[in-house]
Amino acid sequence: MFFHVLTLFPDMIMSGLDTSILKRAMERGIIRAQAVNIRDYTLDKHQKVDDYPYGGGAGMLMQAQPVYDCTMAVLSDIEKRREQDGLREAGKPTRVIYVTPQGKVFDQKMAEEFAKEEELIFLCGHYEGIDERVLEEVVTDYVSIGDYVLTGGELPAMVIIDAVSRLVPGVLNNDESAMTESFDQGLLEYPQYSRPGIWHDKEVPPILLSGDHKKVEEWRREQSILRTKERRPDLYEKWRNEHDRCQ
Ligand code: ADE
């Protein structure tokens with residue numbers, strides 16, 4: 001999987017991805033990432049990439065030209081590389097994801113869908129957004145990470161890259177992937193405990209010390225269901241409806 005992030009802050013992206021599990025996956029060549037500076041594509045002699053919005057209003061907008069040229073350059077590199085490598089995906093359109101609070105809200109299902117791609121392009125806006133005309137020409141997916149407004153698209157792009165990367169085969173080792181299986185079924189994770197057996201007068205639930213794997217599994221599933229019902233009634237209702245349908 002190769003992530004291309006079009007941004008005015010390339011260092012933010014590369015330093016954000018250069019830690020822990022994603023760093024390990026990049027070192028192993030399982031995932032690749034590049035941050036492309038949109039400013040490098042401006043034709044303005046002062047390197048300007050933003051201007052005032054027509055009709056007035058607060059703030060500045062990113063202009064169409066640098067965003068368009070940057071996107072086209074990355075798309076053309078991808079296509080050239082695919083043709084050279086004789087990849088079966090040659091000619092297949094690459095998804096260009098614009099991260100914006102106006103997009104569809106990102107969830108695990110969308111992460112699974114993105115993880116099937118071989119390359120993904122993220123377009124990060126700043127200031128008050130990007131000229132609508134270029135969005136109409138290049139964007140295939142409008143994605144939000146939640147109903148709040150951040151200062152730019154870099155953090156949302158990194159959130160999505162993290163969630164997608166951990167679904168790419170080989171990125172997580174066995175222990176790490178087992179860790180979050182429950183969410184895959186639409187339920188929250190059960191509570192977990194480690195040593196010591198008693199801490200602040202609180203005991204670890206005795207069933208976890210019983211050695212009875214079947215009982216432990218049953219207990220964990222029950223806890224997952226209870227926790228989802230209590231903390232995320234919306235997810236619980238969805239899970240119940242799907243569960244009832246499968247019975
Ligand atoms: N850019 C600013 N806020 C955002 C959000 N909530 N999701 C995606 N992109 C954003």
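Order of appearance sets the numbers: ligands from 1, and atoms from 1 within every ligand.
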Engineer: Of all the non-hydrogen atoms in the protein, which one sits nearest to atom 8 (C) of ligand 1, and at what distance?
Structural biologist: T100 N, 3.4 Å

Engineer: For L188, is there any backbone N or O sitting under 3.5 Å from a side-chain donor or acceptor partner on S224?
Structural biologist: yes

Engineer: May I ask you to identify the nearest protein heavy atom to atom 6 (N) of ligand 1, giving residue, atom name and distance to one decimal place in Å?
Structural biologist: Y148 O, 2.8 Å

Engineer: Quick check on contacts: which atoms of ligand 1 are under 4.0 angstrom from a heavy atom of V143?
Structural biologist: 8 (C)

Engineer: Could you tell me whether S144 approaches ligand 1 through its side chain, its backbone, both or neither, with non-hydrogen atoms closer than 4.0 Å?
Structural biologist: both

Engineer: Please report which non-hydrogen protein atom sits nearest to atom 7 (N) of ligand 1, along with the residue it belongs to and the distance in Å to one decimal place.
Structural biologist: I145 N, 3.0 Å

Engineer: Between Y142 and V139 (side chain of the first, backbone of the second, donor and acceptor by atom type, cut-off under 3.5 Å), is there such a pair?
Structural biologist: no

Engineer: Do you know the tightest heavy-atom contact between P53 and G59?
Structural biologist: CD-O, 3.1 Å

Engineer: For G152, is the nearest heavy atom under 4.0 Å from an atom of ligand 1?
Structural biologist: yes

Engineer: Where on D147 is there a heavy atom closer than 4.0 Å to ligand 1, on the side chain, on the backbone, on both, or on neither?
Structural biologist: neither

Engineer: Look at the side chain of E154 and the backbone N and O of G16, then say whether any donor-acceptor pair between them is shorter than 3.5 Å.
Structural biologist: no

Engineer: Suppose I only count heavy atoms of G146 and a 4.0 Å limit; which atoms of ligand 1 are within that range?
Structural biologist: 6 (N)

Engineer: At what distance is the nearest protein heavy atom to atom 4 (C) of ligand 1, and which residue and atom is it?
Structural biologist: P101 CD, 3.6 Å

Engineer: Is there a donor-acceptor pair under 3.5 Å between the side chain of R24 and the backbone N or O of V171?
Structural biologist: yes

Engineer: Starting from atom 3 (N) of ligand 1, find the nearest protein heavy-atom neighbour and note its residue, name and distance.
Structural biologist: L150 N, 2.9 Å

Engineer: Quick check against the 3.5 Å criterion: does E117 have a side-chain atom that pairs as donor or acceptor with the backbone of M1?
Structural biologist: no

